[in-house]
Every structure is written in C-alpha cells, then in structure tokens.
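The structure appears right after this line, and notes come after that.
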There are 2 protein chains.
Amino acid sequence: MKVFKIPEATVMRLSVYSRHLTQLIGEGVVNVSSGEIAKGVGVSSAQVRKDLAYFGEFGTRGVGYNVQELYSHIMRILGLNNCWNVMIVGAGKLGSALAIYKGFADRGFKVRALLDTDPDKIGTKLAEDLVVEPITVLEERVKDENISIGIVTVPGDTAQEVTDKLVEAGVGALLNFSPRVLRVPESVILRNVDLSVNLELLSFYLSYGTAR
Amino acid sequence: MKVFKIPEATVMRLSVYSRHLTQLIGEGVVNVSSGEIAKGVGVSSAQVRKDLAYFGEFGTRGVGYNVQELYSHIMRILGLNNCWNVMIVGAGKLGSALAIYKGFADRGFKVRALLDTDPDKIGTKLAEDLVVEPITVLEERVKDENISIGIVTVPGDTAQEVTDKLVEAGVGALLNFSPRVLRVPESVILRNVDLSVNLELLSFYLSYGTAR
DNA sequence: AAGTGTGAAGTCTTTCACAGCT
DNA sequence: AGCTGTGAAAGACTTCACACTT
C-alpha cells in the first residue's frame with residue numbers, strides 16, 4: 001500500500017467522523033452523504049470527501065456512504081480495529097483521571113500500567129486491575145504488557161527524564177501532557193496536549209475580540 | 001490597532017515561547033536570539049521571527065531579544081497580563097483534576113466554580129475555596145464571579161445542554177473536553193480538546209509506521 | 001560579525017466546480 | 001436528480017534569503 005503523506009488534520013477529522021458515525025449507527029441510519037457528515041461535524045462536504053479520498057473510494061455516486069461500512073473503513077484506517085496497550089507515567093490527578101477515562105477504553109486503548117515515584121501514591125488501587133506502581137518497573141512492564149503508547153503526566157521538570165525511560169524501554173508513541181517540549185528520536189511519534197496552550201488561545205481571542 | 005488575521009498555530013507557538021522564556025528568566029538569561037528560542041522549542045528561527053512580526057518589532061538587529069521584555073510583550077499579546085475567571089462544568093475525575101491543575105493557576109486562570117448534577121459530588125471540597133456546586137447555580141455564578149471562560153467536562157450526552165446554558169449565561173469562550181461537536185453562536189469562541197482524537201492520531205501513525 | 005525583519009518563493013491544505021456514476 | 005471523486009484554483013502557512021541595523 002503506497003501511502004502518500006496524510007495531513008495530520010485529515011487524520012484528526014477521520015477520528016471525529018468515526019465518532020459521528022457511531023452516533024448515526026446508534027440511531028439506525030443506514031446511508032449518509034458527505035454533506036450530512038459535514039453538517040454533523042462542522043466542516044465542508046468537499047473536505048469530507050477529500051479526506052476519505054486519501055484512502056480509497058468508499059461511497060456510491062448519487063447515493064452516499066453506507067454508514068456501517070464507512071465506519072469500519074475509518075476504524076481500520078485509524079488502526080483501531082484492535083487494542084493498544086498504554087502506560088501512564090504520573091499518577092497525579094490528571095494521570096489518574098486519564099487512567100480510568102472511559103473514552104479511551106471505548107476506543108480500544110487499554111491502560112495497563114500507571115506509574116509514579118511518590119511512595120504515598122504507590123499501591124493506590126484505581127480500578128479492579130489497576131494499581132499505582134513504582135517507576136522502577138517501567139521497562140519490565142512495557143515489555144511484559146507489550147506497551148506501545150506512553151502517556152506522560154508528570155510535572156515539567158521530570159518529563160524529559162520519564163520520556164527517555166519510555167523511549168529506552170521501546171514505546172513507539174508518546175502523548176505528552178506536561179508543559180515541556182520533549183526531545184525524542186525520529187522514530188518515536190510524539191504528540192503534545194498542552195492544556196494551558198488551549199486556554200491561552202481562548203484568552204488571546206477573547207482579548208482580541210474585546211479590544212475591537 | 002489594526003490586527004490582521006493571526007494563524008491559530010502562531011498563537012499556540014507564542015504560548016510555548018512564553019513558557020520557554022519563563023525558564024530562561026529563571027536561569028538568569030538576559031538576551032536570546034530567535035535561533036536559540038527556535039532550538040529550545042523545536043521550530044525554525046524564521047518561524048519565531050515571523051510569529052513575532054505579526055505583533056511588532058521586539059528585537060534588536062545583530063543582538064536578539066531582551067528575554068524579560070519579550071516575555072512581557074508575549075504575555076500581553078496573549079491577554080495574560082491579568083486574570084481570567086473560569087467555570088468548570090462536570091466534576092468527574094477529569095473536571096476535578098483540571099479544577100486544581102496548577103498549570104492553569106500559574107498562568108492566571110482562576111477556577112471560580114465547579115458544577116455538577118450528581119448529588120453525591122455536590123458539596124465535595126476540592127480546595128480551600130472550591131466546593132462542587134449544583135448546576136442550578138450556573139447562571140448566578142457566571143454573573144457574580146464574572147466568568148468569561150467555561151470548561152465542559154461532562155459526558156457527551158449532556159455536553160450540548162451544558163454548553164447552551166453557559167452561552168446563555170454569557171460566557172465568551174469555551175474549552176470542550178467532551179467527545180462531541182458543540183454548536184455555539186458565532187460570537188462565542190470554542191476550542192475542543194479531544195483526548196481520544198490525540199490517542200487515535202498516535203494509533204494511526206503507529207499503524208502506518210508498522211505497515212511499512 | 002551577528003541577528004532581526006520581511007518580501008518572495010515554496011509548500012501544504014482547503015475550496016471550487018464539474019465530469020461521471022447510480 | 002443526486003451525490004461522489006477529483007483535477008484545478010485559491011488560500012493559508014512556512015521557509016528562504018537577503019537588505020538592514022547594531
């Protein structure tokens with residue numbers, strides 16, 4: 001399969017489309033047009049078609065898309081046709097919240113381990129099969145549980161250190177919630193979810209708007 | 001002040017630059033070049049200069065930027081030279097975690113209220129001056145506390161309802177953590193932080209990578 | 001000599017508009 | 001008649017490269 005460079009924005013929209021389709025499936029809708037999807041998720045219909053066109057022809061001209069079929073295609077494209085094992089490092093409020101976040105489990109992301117350095121947190125039971133463990137078991141757990149995704153929820157000053165350990169242990173992708181720019185090898189996929197940046201964007205647009 | 005359309009990416013990078021500058025200030029650095037900032041945050045030096053150029057000329061040719069001065073400029077640009085009052089609706093694990101997230105307070109975002117419908121959660125004390133309140137006080141609290149930013153951390157099925165209430169009450173901007181596409185009037189600023197979308201992006205790139 | 005500020009070029013992304021199926 | 005799939009056009013963003021200032 002020759003894959004052209006896919007815009008990141010396209011992949012993110014696919015994820016959104018797929019969730020909209022879940023909803024349509026729940027409502028028993030069988031067919032849907034690009035225009036209807038577009039309306040449902042707030043983009044243009046041409047955008048929807050272009051996004052899908054990167055991966056093939058999933059619709060029928062004059063008719064639209066079969067909801068169930070399109071959903072399956074997108075889930076496969078996103079690599080969500082089977083589970084991913086996840087490790088979270090940092091069992092603070094945020095890490096703990098993410099560890100039991102239902103939205104992840106629903107989409108096939110299984111949090112297999114939650115680590116921290118704080119002795120007070122170690123041993124805390126968050127769910128039937130999830131107990132906070134010391135960070136010393138990181139490498140062992142990554143290997144035993146076949147972890148491919150690491151989530152970093154430690155404070156900024158230890159984020160790079162934790163990242164290095166995760167990379168060293170062989171994790172292939174990282175989701176960084178710390179407010180630091182992390183350095184990883186080319187081969188490791190990194191995404192930042194900077195919560196403050198998002199609020200600051202609102203701040204900017206609020207300021208700009210009121211200054212008018 | 002005639003403001004051209006500023007790319008969203010530029011605003012997000014400014015936020016990142018400002019945090020990098022905080023670090024430099026801590027280290028006692030007085031001057032910094034666009035190249036050094038670029039290296040520190042992982043973008044090109046031309047990008048840094050271009051981003052700043054949208055807002056004025058802050059540097060000295062041949063020398064660079066005064067760290068403290070540039071920091072102040074960026075903070076003002078971002079509207080962070082004074083506080084923003086924030087309300088969080090949804091006191092689940094995520095909402096509660098965000099409510100006491102230090103990263104927000106550090107940057108001038110004050111969480112003045114945390115609401116929920118669940119009687120079991122109402123009354124829970126999260127901090128000295130933060131107790132979970134019933135959602136019925138939403139409008140009153142928005143007005144009394146002069147709330148301009150709402151954070152939505154309720155499950156998807158009530159997200160639109162909560163959003164409507166926040167908009168009705170007069171909130172100017174929303175940060176949506178629910179996995180739903182929200183409808184808001186043109187005048188209200190909306191940003192989505194879809195946690196699953198970010199993981200699914202990793203899933204996609206992992207799948208694509210391993211399929212090679 | 002060093003490093004900013006910026007038009008111009010290049011690249012990437014979205015929208016347009018219509019041929020081609022059903 | 002309706003809606004997809006897609007080249008071509010438009011638009012947005014990034015990088016280049018260099019004149020200009022200290």
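Side chains included, hydrogens not; waters and symmetry mates left out as well; all remaining heavy atoms used. Letters go in sequence order (proteins before strands), and every chain restarts at 1.
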Item to check | Non-hydrogen atoms of B/Gly103 and B/Arg107 that approach each other most closely | outcome: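 Between these two residues, the closest heavy atoms are O-CG, 3.3 Å.
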Next on the checklist: I want to check one thing: is the phosphate of D/dT14, taken as OP1 and OP2, less than 4.0 Å away from some side-chain N or O of B/Arg13?
Outcome noted: yes
Checklist entry - What residues in residues 43-53 of chain A put a non-hydrogen atom under 4.0 Å from any atom of DNA chain D? => result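 Heavy-atom contacts with DNA chain D come from A/Arg49, A/Lys50.
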Item to check | Side-chain ion pair, A/Glu200 and B/Arg191, N-O less than 4.0 Å | outcome: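 Here A/Glu200 does not pair with B/Arg191 in a salt bridge, since their nearest N and O are not under 4.0 Å apart.
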Checklist entry - Can you name the residues that form a salt bridge (charged side-chain N to carboxylate O under 4.0 Å, His left out) with B/Glu57, not counting sequence neighbours? => result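 Applying salt bridge (charged side-chain N to carboxylate O under 4.0 Å, His left out) to B/Glu57 gives none.
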Tell me: [atom1] of [X] to [atom2] of [N], nearest whole Å?
X: B/Met12; N: D/dT14; atom1: CE; atom2: C1'; result: 17 Å
X: B/Lys5; N: C/dT13; atom1: NZ; atom2: P; result: 16 Å
X: A/Ile6; N: C/dT14; atom1: CD1; atom2: P; result: 12 Å
X: A/Tyr54; N: D/dG7; atom1: OH; atom2: P; result: 13 Å

Examine distances only and state if a side-chain atom of [X] and a backbone atom of [Y] form a donor-acceptor pair shorter than 3.5 Å.
X: A/Asn198; Y: A/Asp194; result: yes
X: A/Asn176; Y: A/Arg180; result: yes
X: B/Gln68; Y: B/Ile25; result: no
X: A/Ser96; Y: A/Ala91; result: yes

Next on the checklist: Just to be sure I understand the geometry, which residues of residues 56-73 of chain A put a non-hydrogen atom under 4.0 Å away from DNA chain C?
Outcome noted: A/Thr60, A/Arg61
Checklist entry - Where along residues 26-42 of chain B does a heavy atom come under 4.0 Å from DNA chain C, residue by residue in number order? => result B/Ser33, B/Ser34
Checklist entry - How far apart are the C-alpha atoms of A/Trp84 and B/Ser203, what are their side-chain angles, what is the distance that settles it, and do they pass the side chain to side chain donor-acceptor pair (under 3.5 Å) test? => result CA-CA 8 Å; A/Trp84 293 100; B/Ser203 168; 2.7 Å; yes
Next on the checklist: Per the ring pair (Phe, Tyr, Trp, His ring centres under 6.0 Å) rule, what does the pair list look like for residues 89-108 of chain A, sequence neighbours excluded?
Outcome noted: A/Tyr101-A/Phe104
Which pairs of donor and acceptor atoms, one on a side chain in residues 37-46 of chain A, lie under 3.5 Å apart (sequence neighbours left out)?
unit_1: A/Ser44; atom_1: OG; unit_2: A/Gln47; atom_2: N; d: 3.1
unit_1: A/Ser45; atom_1: OG; unit_2: A/Arg49; atom_2: NH1; d: 3.4

Checklist entry - Between A/Asp164, A/Val162, A/Val188, A/Leu190, which is the residue that forms a side chain to side chain contact (heavy atoms under 4.5 Å, CB included) with A/Leu182? => result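 Exactly one option meets the side chain to side chain contact (heavy atoms under 4.5 Å, CB included) with A/Leu182, and it is A/Leu190.
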